[in-house]
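Right, one structure below, let's go through it.
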Amino acid sequence: MAVKDCGGHKGCECERHRLYRKLCAALLALILLLLFVVLIVWLVLRPHKPRFYLQDLSVLCLNVTPPASSYLFTTMQATVAARNTNDKVGVYYEEVDVYAQYKDVAITVPTRLPVGYQGHGDQSVWSPYLQSMDSVQLPPQLAVALAQDETAGYVLVDVRVDGWVRWKVGTWISGHYHLRVSCPALLTVNEGKGSYGANTGGGTGYFRFQQAAACAVDV
């Protein structure tokens, strides 16, 4: 029986190259299969966005200087609750900040929340203090708008949550996803005080938080 010759040294190299190509093709197929399995698992266990609620906003101090200079000094305490609505997916919260806005202008500096993890169906509640850094200079038209809102008897403040979340399925942990939360807070204004120089304590004086509100969540 004739023995097949691979054509010398070059022929053997060609055989090795073909073997390498087959091994690479098999490895690539295995990687694609694993990615496909991960995709199927991800689609089946697709995580739902956590639900956020603003339970309370206590205005401890809100002072606005006369319109000529329009500086705002404020201290608030927000109580924010978040619930993981997933049955099989956990949520890591990382580098999450809370701050307050009035008409899209930040009136407090960000307050960092502690890093936390929520298991399936768990709920977390945070009560950070939100403060202006020394003072916030309001644009003249914004100071006028705030005075008008107080005269009308209500002020709408937006409590913002901004940070990063990661999903956990079994032992697998995803990459980072940007978390953006917007919580409207309607404050009513008690009668008998002027528009400027408001100062309250314990959330029971000049401003009153109306009711708990659901937040808009974007991940």
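We number each residue from 1, following the sequence as shown.
- A salt bridge does not link Arg112 to Glu95: none of the charged side-chain nitrogens sits closer than 4.0 Å to a carboxylate oxygen.
- Residues passing the side-chain contact (heavy atoms from CB on, under 4.5 Å) test with Pro110 are Asp97, sequence neighbours excluded.
- For Arg51, the CZ atom is loosely surrounded, since the number of other residues' heavy atoms within 6.0 Å does not exceed 12.
- Atom OH in Tyr206 sits 11.0 Å away from atom CG in Leu187 (nearest 0.5 Å).
- Side-chain contact between Glu150 and Val155 is present, with heavy atoms from C-beta onward closer than 4.5 Å.
- Closest non-hydrogen pair, Leu62 versus Met76, comes out as CD1-CE, 4.2 Å.
- Shown here for Lys88 and His120, the closest heavy-atom pair between the two residues is C-NE2, 3.4 Å.
- Checking side-chain atoms of Ser132 against main-chain N and O of Thr74 turns up a donor-acceptor pair under 3.5 Å.
- Under the 4.5 Å side-chain contact rule for hydrophobic residues, Val125 and Tyr129 do not share a cluster.
- Among all heavy-atom pairs drawn from Tyr177 and Gly175, the shortest one is CD1-O, 3.4 Å.
- Looking at Val181 and Arg160, their side chains never come closer than 4.5 Å, going by heavy atoms from C-beta outward.
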For side chain to side chain contact (heavy atoms under 4.5 Å, CB included), just list the numbers for Val96 and Trp126, CA-CA rounded to whole Å, side-chain angles, deciding distance to a tenth of an Å, and then say yes or no.
CA-CA 11 Å; Val96 178; Trp126 302 282; over 6 Å; no
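- In this model, no donor atom of one side chain and acceptor atom of the other lie less than 3.5 Å apart for Asp162 and Tyr99.
- When all heavy atoms of Leu54 and Val159 are compared, the pair lying nearest together is CD2-CG2, 4.1 Å.
- Residue Trp167 is not grouped with residue Trp164 when hydrophobic side chains (ILVMFWY) are merged at heavy-atom distances under 4.5 angstrom, including chains of intermediate members.
- Residue Pro184 comes nearest to Ala213 through the heavy atom pair O-CB, 3.8 Å, listed as atom of the first residue, atom of the second, then distance.
- Summarising the local packing, CD of Gln141 is surrounded by more than 12 heavy atoms from other residues, nucleotides or ligands at distances under 6.0 Å.
- Side-chain N or O atoms of Lys168 include one that pairs as donor or acceptor with a backbone N or O of Gly170 at under 3.5 Å.
- For the atom pair OG1 (Thr108) and CD (Gln131), the distance works out to 9.0 Å, reported to the nearest 0.5 Å.
- Rounding to the nearest 0.5 angstrom, the gap separating the CD atom in Gln77 from the OG atom in Ser127 is 5.5 Å.
- Between the side chains of Asp218 and His178, no donor N or O sits under 3.5 Å from an acceptor N or O.
- No continuous path of ILVMFWY side-chain contacts below 4.5 Å connects Val115 to Leu179, so the two sit in separate hydrophobic clusters.
- Other residues sharing a hydrophobic cluster with Ile173 under the 4.5 Å side-chain heavy-atom criterion for ILVMFWY residues are Tyr92, Tyr117.
- Defined by atom type and a distance below 3.5 Å, a donor-acceptor pair is present between the side-chain atoms of Asp56 and Ser58.
- Distance check, rounded to the nearest 0.5 Å: CG of Leu142 to CG of Leu146 gives 7.0 Å.
- Here SG of Cys215 is found 16.0 Å from CZ of Arg180. Values are rounded to the nearest 0.5 Å.
- Both Val217 and Tyr93 are part of a single hydrophobic cluster, where members link through side-chain heavy atoms under 4.5 Å apart.
- Distance check, rounded to the nearest 0.5 Å: CD of Gln118 to OG of Ser124 gives 3.5 Å.
- Val98 approaches Leu130 most closely through the heavy-atom pair O-CD2, 3.5 Å.
- Neither Tyr53 nor Val91 shares a network with the other; the hydrophobic side chains, linked directly or stepwise wherever heavy atoms of I, L, V, M, F, W or Y lie under 4.5 Å apart, form separate groups for each.
- Within the 4.5 Å cutoff, the side chain of Pro47 has heavy atoms near those of the Asn86 side chain.
- Hydrophobic cluster membership for Tyr154: Leu156, Leu186 (Ile, Leu, Val, Met, Phe, Trp, Tyr linked by side-chain heavy atoms under 4.5 Å, directly or transitively).
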